[in-house]
Peer 1: 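Okay, handing you the structure first.
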Amino acid sequence: MDNIFINYSLFILFLPLAAFVIQIFFGKKLPRQGDWVSIGAISITLILAIAMFVGMLLDYNPDFRQEASFTWLDMGAFSIQLGFLVDNITIIMLLVVALISTCTHVFSLKYLKGDIRYSRYFAYLGLFTFSMNGIVLANNLISMYMSWELVGVSSYLLIGHWFEKESAANAAKKAFLTNRVGDIGFFIGIMLIYTAIGSFTFTDIFEGVAGGVLAGTTLTLAGVGLFLGAMGKSSQFPLHIWLPDAMEGPTPVSALMHAATMVAAGVYLTIRIFPILSPDALLVVAYVGGFTALFAATIAITQNDIKKVLAYSTVSQLGYMILAVGTGVYTAAFFHLLTHAMFKANLFYGSGSVIHSMHHALHEKNDHETDAQDMRNMGGFREKMPITYWSMLASTLAIAGVPLFSGFLSKDAILAGSLSFAQHHPEHFLLPVFGFGAAAITAFYMFRMMFMTFHGKPKMPELIDDIHESPKEMAGPLVLLGTLSVAIWYTLPHLNPISTHGSWFTTLVHPVTAVVPGSFTAHAIEEGAHHAHNLAMGISIGVAALGIGLAVLMYLKNIISPETWGKRAGFMYDWSLNKYYFDENYDKYLYQPTLRLAKKIAWIDWELYDKYFINGFGHVTNWASRVSGKFDYNIIDQFLVDGVGRIADNFGFMLKKIQTGKLQNYLLYVTAGVIILMIIQSY
Amino acid sequence: MNDLNTYLLVAAILFSFGVFGVMTRRNGIAVLMGVELILNAANINFVAFSRFGGMNFDGHIFALLVIVLAAAEAAVALAIIINIYNNMNTINIDEASSMKE
Amino acid sequence: MTEFTFWVIITLTIISAGTVVLSNQLIYSAMALLSTLFGVAGIYVFLWADFIAGVQVLVYIGGILILIIFGIMLTNRISSVRLSQTNVQQGVGGAVAIWLCILMSLVISKTPWFQADASEPVGTVAEVGTLLLTKYLLPFEAISLLLLGALIGAAVLSRKEN
């Protein structure tokens, strides 16, 4: 492996793992609990990732691709190859992961200062970074699956960081188990592919599918199976239930995992396997993504917890990305992944900054009852926290799809793709409806959040004096990511802020045709999107303005009252606020019956099997050992062993009698002996 | 009368009686009497062989020596028995069993 | 006539020998021993050993038997004429003795003895005397020593401890 990208990738992969190992074993004993170990490791990782990114830009080769593999398991007929794949997509993802991870590490220095498990937190961050990079660098489904699971474990460990809180422990469990459900599908997909093609490597799989080895329903099923894993990881309907609960974890963790990287892993997987998704599988993908986008947005509009708003927003945006892959414009999905990572992480950091401030203010007033995360307790923070406000504003504008910001470009590309898809397949008109509807609602609830938190009169005036800006470790990432939410970075080397044509991204990350026979060629998809582009742009600006305008009316100018409209909406408001009672219904119709069944089976096992069968063995053994003991004691010991002794004793006793001391007896014996000898002699 | 076997048989019978006497009699002197019988049986054998073996007189000499020996032995034996009598007040040789196991 | 006498003497000897060992009375045994010894002397005569017969009567009966009777008298409380004694281990001893007898008889009857004819000598005394002092001088002297030893021994043994 003499190529530099693979070498850098190895360092990028294993440095955070080394930090994890050091932190886990020695963290508590190091000065400052070892956070400098993690910061050091992640900084070097970031430098290497930037170096790779710069190298990619200098090379400017759209077909850049380096692969290195080694045999992991060789049992003759069955062998598994593992390896690394580095192409433009990989490099951009590595940069995203490294950047957001570094920001999280820095942000956590202040956010978790004095936490009881400080060193362990940083260790787990290292573990997560390692696993996420493992997914990104994988060139085959098996190592991707292994890293997939590791990412799930890291998520569990980090969500449950404050596991004394029961809700946090439950949320961690829920996240891991929901992921697992998706992973079953993932694994079935992998197995279907392996059975048909006999290899796990992407290259081999693509060749196999192109050659028609895996086709038809099996191919669709395999694709859907793999997509199930993505659904679990990226929190799509109906496995979306874990992401809002995952907000129990520390906010920097939410920024890293549940905004930028881990949940993006599902999208990344879907992008990687795009070439082998059959048109039917793609339809499934598109509808799931589109529906999730709209559905999550409808929940977000009523939420009062600032992090929950962001969580549902993440679900919705992920839906967008999945929709993009489903409609064929998967490079647009990746673009949105990139921009979303930046602005969503920034939004989370901002909310973390606000919550941190609220905590501090409440602590000053000795108030431990009020919820620091409830937006109804906030208001008017704009003057007190300017840096937070302005950077969050930049990200909100981006997510709402306002021109001049990054989100506009990526969303536009997605919406153009869905529109073009509907134009070519008029029966799937719902997809753009989902897309544009979600866009409108997104704009609305994001600005609602901004207005409720930073504008207007403070709902708790006694706190406002203690609200202050966050320290520079927390403000730094805010500034950085806020800047990155601006469109200009993504249109380089051209300066047109509303078009990505000719930008470094679209040049370096260009779509390939799916290898499934019968798919649309990449060229056809691009053409369609291009044609629909202007129409999509217009509609998206329109719906964004609609959403923002409504939010202004309701929350800034207070012309329309949210409470009245909430009551008028009646059951719809209730459903939205309670997330459509998904958790409750799952509990009633899925969890409880399973638990009851499990209890019944446990009863059979415990009362019947254990008691009678297993204990029976014990009783039989007991009885057998007693019998054997008796046998041993009475017969063998007393009879045989002691008997031998007793026989010897008796013999001795008998023989003793010969020595009577009487002369005549001796003479008798002698004479008898002589006679006997004579008799014998005569024969 | 002129058959060697007769004399030998007589000697054998006497010998058996003598052995029986030594083995079974309780009194010490009775045992001594048995011993005398044995010696006499041997003597008869000697003399018979001397008569029927060409009338040599070696047998006679042996018989003579045996008689002398018997006398000496009887004297000593009686001295011992009298000693035992003085010590144990009985000459039941059953009771002289201090070499008993 | 001599044949008859011969058988009478043999019978007498054997019966007396039986009485010696089977009688319960010591004096009866002693008397039976007397008669046995006389019988043996008679057998000697038939075997042309006249000198030995004489020595037998003189020494055995006149010396040893008297000694035995002395012993009997000295070692029993003579409160009555009856000096009884019983036997011990009679059964086994009898069996062994009988077996011994049977075996010896078998041996005697089956062995081809060396027999040489001879004529009755005139008198044996001269030849025995000659042999004693020529061929068997050493045993003769040894026997005298033995007699001396026995004499001294008997005297020592019967000494009273003071």
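These figures come from a predicted structure and were not determined experimentally. Only heavy atoms go into these numbers, but all of them, side chains included; no hydrogens, no water, no symmetry mates.
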Peer 1: List the steps and the verdict of ring pair (Phe, Tyr, Trp, His ring centres under 6.0 Å) for B/Y7 and C/F6.
Peer 2: CA-CA 11 Å; B/Y7 295 101; C/F6 174 69; 5.4 Å; yes
Peer 1: When only pairs under 4.5 Å are counted, which of B/V22, B/N43, B/I80, B/I82 shares the most heavy-atom pairs with chain C?
Peer 2: B/N43
Peer 1: Would you mind telling me which of C/T130, C/L151, C/L132 has the largest number of heavy-atom pairs within less than 4.5 Å of chain B?
Peer 2: C/L132
Peer 1: So which heavy atom on C/V128 is nearest to which on B/H60, and how close?
Peer 2: CG2-CB, 4.0 Å
Peer 1: For C/F70, is it the side chain, the backbone, both or neither that has a heavy atom under 4.5 Å from a heavy atom of chain B?
Peer 2: neither
Peer 1: Between atom CG of B/L64 and atom CD1 of C/I143, what is the distance when rounded to the nearest 0.5 Å?
Peer 2: 8.5 Å
Peer 1: B/A70, B/G59, B/A11: which one forms the most heavy-atom pairs within less than 4.5 Å of chain C?
Peer 2: B/A70
Peer 1: I need the minimum non-hydrogen distance between B/A12 and C/M104, along with the two atoms involved.
Peer 2: O-CE, 3.9 Å
Peer 1: If I measure from the heavy atoms of chain B, does C/L33 come under 4.5 Å with its side chain, its backbone, both, or neither?
Peer 2: side chain
Peer 1: With a 4.5 Å cut-off on heavy-atom pairs, point out which of C/V96, C/I43, C/L131, C/V92 contacts chain B the most.
Peer 2: C/L131
Peer 1: Please report the closest heavy-atom contact between C/V59 and B/A71, naming both atoms and the distance.
Peer 2: CG1-CB, 4.2 Å
Peer 1: When only pairs under 4.5 Å are counted, which of B/V10, B/N2, B/I44 shares the most heavy-atom pairs with chain C?
Peer 2: B/I44
Peer 1: How many angstroms lie between CZ in B/F57 and CD in C/E127, if you round to the nearest 0.5 Å?
Peer 2: 4.5 Å
Peer 1: Under a 4.5 Å cutoff for heavy-atom pairs, which residue among B/I81, B/L69, B/V31, B/I84 has the most contacts with chain C?
Peer 2: B/L69
Peer 1: Taking the side chain as everything from C-beta on, heavy atoms only, tell me whether B/R25 gets closer than 4.5 Å to C/V20.
Peer 2: no
Peer 1: Going by heavy atoms in the side chains, are B/E36 and C/I68 under 4.5 Å from each other?
Peer 2: yes
Peer 1: Would you indicate whether the side-chain heavy atoms of B/I13 and C/C101 approach each other to under 4.5 Å?
Peer 2: yes
Peer 1: If you measure from CG on C/L22 to CZ on B/F17, what distance do you get to the nearest 0.5 Å?
Peer 2: 6.5 Å
Peer 1: Count the heavy-atom pairs under 4.5 Å between each of B/L65, B/L32, B/L39, B/V19 and chain C, then report the option with the highest count.
Peer 2: B/L65
Peer 1: I need the residue from C/F46, C/F114, C/W113, C/Y60 with the largest number of non-hydrogen atom pairs under 4.5 Å to chain B.
Peer 2: C/Y60
Peer 1: Looking only at heavy atoms, what is the nearest atom pair of B/A72 and C/A150, with distance?
Peer 2: CB-CB, 3.6 Å
Peer 1: So which residue, C/G63, C/G71, C/G18, ends up with the most heavy-atom pairs under 4.5 Å with chain B?
Peer 2: C/G18
Peer 1: Return the option, out of C/I52, C/L100, C/I14, with the maximum number of heavy-atom pairs under 4.5 Å with chain B.
Peer 2: C/I52
Peer 1: Compare all side-chain heavy atoms of C/I98 with those of B/F20 and state whether any distance is below 4.5 angstrom.
Peer 2: no
Peer 1: Can you tell me which of B/I61, B/N5, B/L78 forms the most heavy-atom pairs within a distance under 4.5 Å of chain C?
Peer 2: B/I61
Peer 1: What pair of heavy atoms forms the shortest contact from B/A30 to C/L26, and how long is it?
Peer 2: CB-CD2, 4.1 Å
Peer 1: Does a donor on one side chain and an acceptor on the other come within less than 3.5 Å for B/N40 and C/Q56?
Peer 2: yes
Peer 1: Could you tell me which portion of B/N86 (side chain, backbone, both or neither) has an atom closer than 4.5 angstrom to a non-hydrogen atom of chain C?
Peer 2: neither
Peer 1: Nearest 0.5 Å please: distance from the OG atom of B/S50 over to the CH2 atom of C/W48.
Peer 2: 10.0 Å
Peer 1: Between the main-chain N or O of C/L157 and the side-chain N or O of B/N83, is there a donor-acceptor pair closer than 3.5 Å?
Peer 2: yes
Peer 1: Between C/I108 and chain B, which part of the residue has a heavy atom less than 4.5 Å away: side chain, backbone, both or neither?
Peer 2: both
Peer 1: Could you tell me which portion of C/T124 (side chain, backbone, both or neither) has an atom closer than 4.5 angstrom to a non-hydrogen atom of chain B?
Peer 2: both
Peer 1: Quick check on C/L65 against chain B: is it the side chain, the backbone, both or neither that has a heavy atom closer than 4.5 Å?
Peer 2: neither
Peer 1: At their closest point, which heavy atom of B/L14 faces which heavy atom of C/T13, and how far apart are they?
Peer 2: CD1-CG2, 4.0 Å
Peer 1: Classify the ring geometry of C/Y136 against B/F62: parallel below 30°, tilted from 30° to 60°, perpendicular beyond 60°.
Peer 2: perpendicular
Peer 1: To the nearest 0.5 Å, what is the distance between CG (C/L47) and CZ (B/F49)?
Peer 2: 11.5 Å
Peer 1: Quick check on C/W7 against chain B: is it the side chain, the backbone, both or neither that has a heavy atom closer than 4.5 Å?
Peer 2: side chain
